[in-house]
Asker: 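Next up is a structure, given as structure tokens.
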Amino acid sequence: MTTTQPRMLLVLSENWTLTGGRADLPKAVRWAREAEEAGFDSVMVSEHIVLGPDAGADGIMGNPRDYALPGNQDPYTPWPNSLLLLAAIASVTERLRLAAAAVLAPLRHPLLMARELGTLDLISEGRLLVQPTVSWSKDEYDALGVPFGRRGRLLDEHLEVWAKAWGPSPISHDGENYPFRDVYFEPKAYRPEGPRLWFGGQRLHGPVLRRLVQYGHGFHPLGRPTPQDMQLLKDAMTAAGRDVTELEMIGGTQAVFPDDRSTADLGAALASIPEQLEQGFTTFCIKPNQFIDDPDGVGTFCHEVMRRVTGLTA
């Protein structure tokens with residue numbers, strides 16, 4: 001048995017079976033505080049700005065407690081502003097890290113995005129984690145007037161601008177999409193290099209790998225990466241003069257639902273953590289509504305998770 005103590009991350013998005021049809025944001029803030037008290041390392045909030053018909057084009061998922069994948073979610077699903085919610089959480093916690101996952105950077109201007117991220121990073125005194133991505137919904141891009149086919153290039157330019165924004169003012173950028181000259185960006189983020197950046201997705205394809213190697217502090221795959229993916233990542237990091245051990249490796253828990261109405265078994269979901277630890281993963285995501293239906297039971301749930309995880313790794 002490994003003696004490494006895993007870091008647990010509470011997923012706060014997509015828990016609306018615990019709050020009814022409306023996103024009860026004060027409850028989510030309370031859950032974050034309870035997670036910190038129980039010993040959790042971090043919380044995560046994802047985002048959409050709007051959803052369109054393509055959100056459920058492949059059919060809505062059977063069990064509403066499951067993760068929403070591309071094309072299988074109800075377009076009425078609540079998606080509150082992730083950075084505002086994390087700012088509220090920052091104000092009532094002290095050490096909990098704040099993961100802004102699936103930040104859809106191409107839907108904003110990079111200077112605006114850098115301003116929002118940097119401010120939250122300062123408020124939380126360096127506790128912000130950011131997972132920038134391009135997402136999958138063409139309807140969302142169309143609604144905001146952003147060309148869906150250019151989303152990857154837009155994200156790459158965001159990352160370039162953010163890196164400049166964390167450096168000395170004035171800054172200039174001659175990029176294809178967001179050119180500007182001699183602007184003063186103050187204040188900076190908490191760290192000189194900006195917030196910690198995570199990258200991930202359904203597979204470790206070229207753009208994700210490139211961004212991870214160039215800018216990344218963490219690898220958060222959707223699902224289990226193959227041994228080939230892990231070797232590809234190791235080789236790419238080495239070629240760039242970096243060590244793969246520099247990356248925080250984010251794993252997960254797999255909830256299996258007996259039917260479309262029931263919660264999953266917590267013990268079975270946590271059982272894979274020792275194996276993932278051996279593979280180098282250190283941080284593990286868990287979504288409370290997959291295992292409980294009581295919105296007042298999240299604190300107790302978090303304590304139970306930490307008790308069981310400690311037992312698994314003792």
Asker: Return yes if a side-chain donor-acceptor contact under 3.5 Å exists between T93 and R127, otherwise no.
Answerer: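 The criterion, which ignores hydrogens and geometry beyond distance, is satisfied for R127 and T93.
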Asker: How many angstroms lie between CG in N72 and CG in D66, if you round to the nearest 0.5 Å?
Answerer: 7.5 Å
Asker: For the residue pair E248 and T282, establish whether any side-chain heavy-atom pair is separated by less than 4.5 Å.
Answerer: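 They are in contact (side-chain heavy atoms under 4.5 Å apart), so the answer is yes.
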Asker: Using a distance-only test with no angle check, is there a side-chain donor-acceptor pair under 3.5 angstrom linking D243 and T245?
Answerer: yes
Asker: Cation-pi check for F284 against R7: NZ or CZ below 6.0 Å from the six-membered ring centre and within 45 degrees of the axis, yes or no?
Answerer: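 R7 over F284 ring: no.
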Asker: CG/L117 to CG/L129 distance, rounded to the nearest 0.5 angstrom?
Answerer: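 Nearest 0.5 Å value for the CG-CG distance: 11.5 Å.
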Asker: So that I know where these two stand, are H109 and Y178 an aromatic pair - ring centroids less than 6.0 Å apart?
Answerer: yes
Asker: Looking at E36 and R33, is there a salt bridge between them, counting it only when a charged N and a carboxylate O are closer than 4.0 Å?
Answerer: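 Result for this pair is no, no salt bridge flagged.
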Asker: Go through the side-chain N and O atoms of N177 and R153 and say whether any donor and acceptor fall under 3.5 Å apart.
Answerer: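 Their side chains do not contain a donor-acceptor pair, so the 3.5 Å distance test is not met.
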Asker: Using distance alone, with no hydrogens and no angle criterion, decide if S272 and Q254 have a side-chain donor and acceptor under 3.5 Å apart.
Answerer: no
Asker: Hey, what do you get for CG (L155) to OG (S135), rounding to the nearest 0.5 Å?
Answerer: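 Answer for the CG-OG pair, L155 versus S135, is 11.5 Å.
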Asker: Under 4.0 Å between a side-chain nitrogen and a carboxylate oxygen: does that hold for R211 and D156?
Answerer: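 A salt bridge links R211 with D156.
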Asker: Please determine which of L247, I250, V103, L212 meets the side-chain contact (heavy atoms from CB on, under 4.5 Å) test together with W198.
Answerer: I250
Asker: Identify the heavy atoms of P147 and L154 that sit nearest to each other, and give their distance.
Answerer: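 Of all heavy-atom pairs spanning P147 and L154, the closest is O-CD1, 4.4 Å.
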Asker: Does some side-chain heavy atom of V305 sit less than 4.5 Å from a side-chain heavy atom of M8?
Answerer: yes
Asker: Group every Ile, Leu, Val, Met, Phe, Trp and Tyr by side-chain heavy-atom contacts under 4.5 Å, then state whether I171 and M113 land in the same group.
Answerer: yes
Asker: What is the minimum heavy-atom distance between P195 and V130, and which atoms define it?
Answerer: CB-CG2, 4.0 Å
Asker: Report the C-alpha separation of M44 and L12 in whole Å, then their side-chain angles, then the decisive distance to 0.1 Å, and conclude whether the side-chain contact (heavy atoms from CB on, under 4.5 Å) test is met.
Answerer: CA-CA 6 Å; M44 175 181 287; L12 294 178; over 6 Å; no
Asker: If only side-chain N and O atoms count, and only distance matters, is there a donor-acceptor pair under 3.5 Å linking S169 with K188?
Answerer: yes
Asker: Given the rule in the salt bridge (Lys or Arg N to Asp or Glu O under 4.0 Å) test, do D41 and R97 qualify, once you have shown the distances and angles that lead to the verdict?
Answerer: CA-CA 6 Å; D41 169 83; R97 294 192 297 163; 2.7 Å; yes
Asker: Hey, quick one: are I286 and L312 part of the same hydrophobic cluster, counting side-chain heavy atoms closer than 4.5 Å, chains of contacts allowed?
Answerer: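 Yes, I286 connects to L312 through the hydrophobic network.
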Asker: Can you classify the ring geometry of H48 versus W136 as parallel (below 30°), tilted (30 to 60°) or perpendicular (above 60°)?
Answerer: perpendicular
Asker: Given L85 and N81, is the side-chain contact (heavy atoms from CB on, under 4.5 Å) satisfied, shown in steps?
Answerer: CA-CA 6 Å; L85 179 53; N81 185 283; over 6 Å; no
Asker: Do D235 and T238 have side-chain atoms, one donor and one acceptor, less than 3.5 Å apart?
Answerer: no
Asker: Output the distance between atom CG (D139) and atom CG (D54), rounded to the nearest 0.5 Å.
Answerer: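 Separation between the atoms: 3.5 Å.
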Asker: On a heavy-atom basis, which atom in D260 and which in R65 lie closest, and how many Å separate them?
Answerer: O-NH1, 4.1 Å
Asker: Say whether L159 and V161 are linked into one hydrophobic cluster, either directly or through other cluster members, by side-chain heavy-atom distances under 4.5 angstrom.
Answerer: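 Shared cluster, yes.
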Asker: Which heavy atom of F185 sits nearest to which heavy atom of L111, and what is that distance?
Answerer: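 Closest heavy-atom pair between F185 and L111: CE1-O, 3.7 Å.
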Asker: Consider only side-chain heavy atoms of I, L, V, M, F, W and Y, link residues closer than 4.5 Å, and tell whether V43 and L128 are in one cluster.
Answerer: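 Shared cluster, yes.
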Asker: From N15 CG over to D24 CG, what is the distance, rounded to the nearest 0.5 angstrom?
Answerer: 12.0 Å
Asker: Quick one, L69 with L222, criterion side-chain contact (heavy atoms from CB on, under 4.5 Å). Give me CA distance, side-chain angles, the key distance, then yes/no.
Answerer: CA-CA 10 Å; L69 297 174; L222 181 58; 4.2 Å; yes
Asker: Can you confirm whether more than 12 heavy atoms, excluding those of K234, are under 6.0 Å from its NZ atom?
Answerer: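 Counting other residues, nucleotides and ligands, NZ of K234 stays at 12 neighbours or fewer.
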Asker: Can you tell me how far the OH atom of Y215 sits from the CZ atom of R196, to the nearest 0.5 Å?
Answerer: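 Spacing of OH (Y215) from CZ (R196) equals 15.0 Å.
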Asker: Just do the side-chain contact (heavy atoms from CB on, under 4.5 Å) check on V244 and L233 with the steps written out, would you?
Answerer: CA-CA 7 Å; V244 72; L233 175 58; 4.0 Å; yes
Asker: How close do V134 and L104 get, counting heavy atoms only, and between which atoms?
Answerer: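 Nearest pair, atom of V134 first, then L104: C-CD2, 4.4 Å.
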Asker: Here's one to test your reading of the geometry: is the NZ or CZ of R151 within 45 degrees of the ring axis of F148 and under 6.0 Å from its centre?
Answerer: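 That pair qualifies as a cation-pi contact.
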Asker: Less than 4.0 angstrom from a charged side-chain N to a carboxylate O is my criterion; do K164 and E160 meet it?
Answerer: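 No salt bridge links K164 with E160.
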Asker: Tell me whether E186 at atom CD has more than 12 heavy atoms from other residues, nucleotides or ligands lying less than 6.0 Å away.
Answerer: yes
Asker: T133 and A102: which non-hydrogen atoms are nearest, and at how many Å?
Answerer: CG2-CA, 3.5 Å
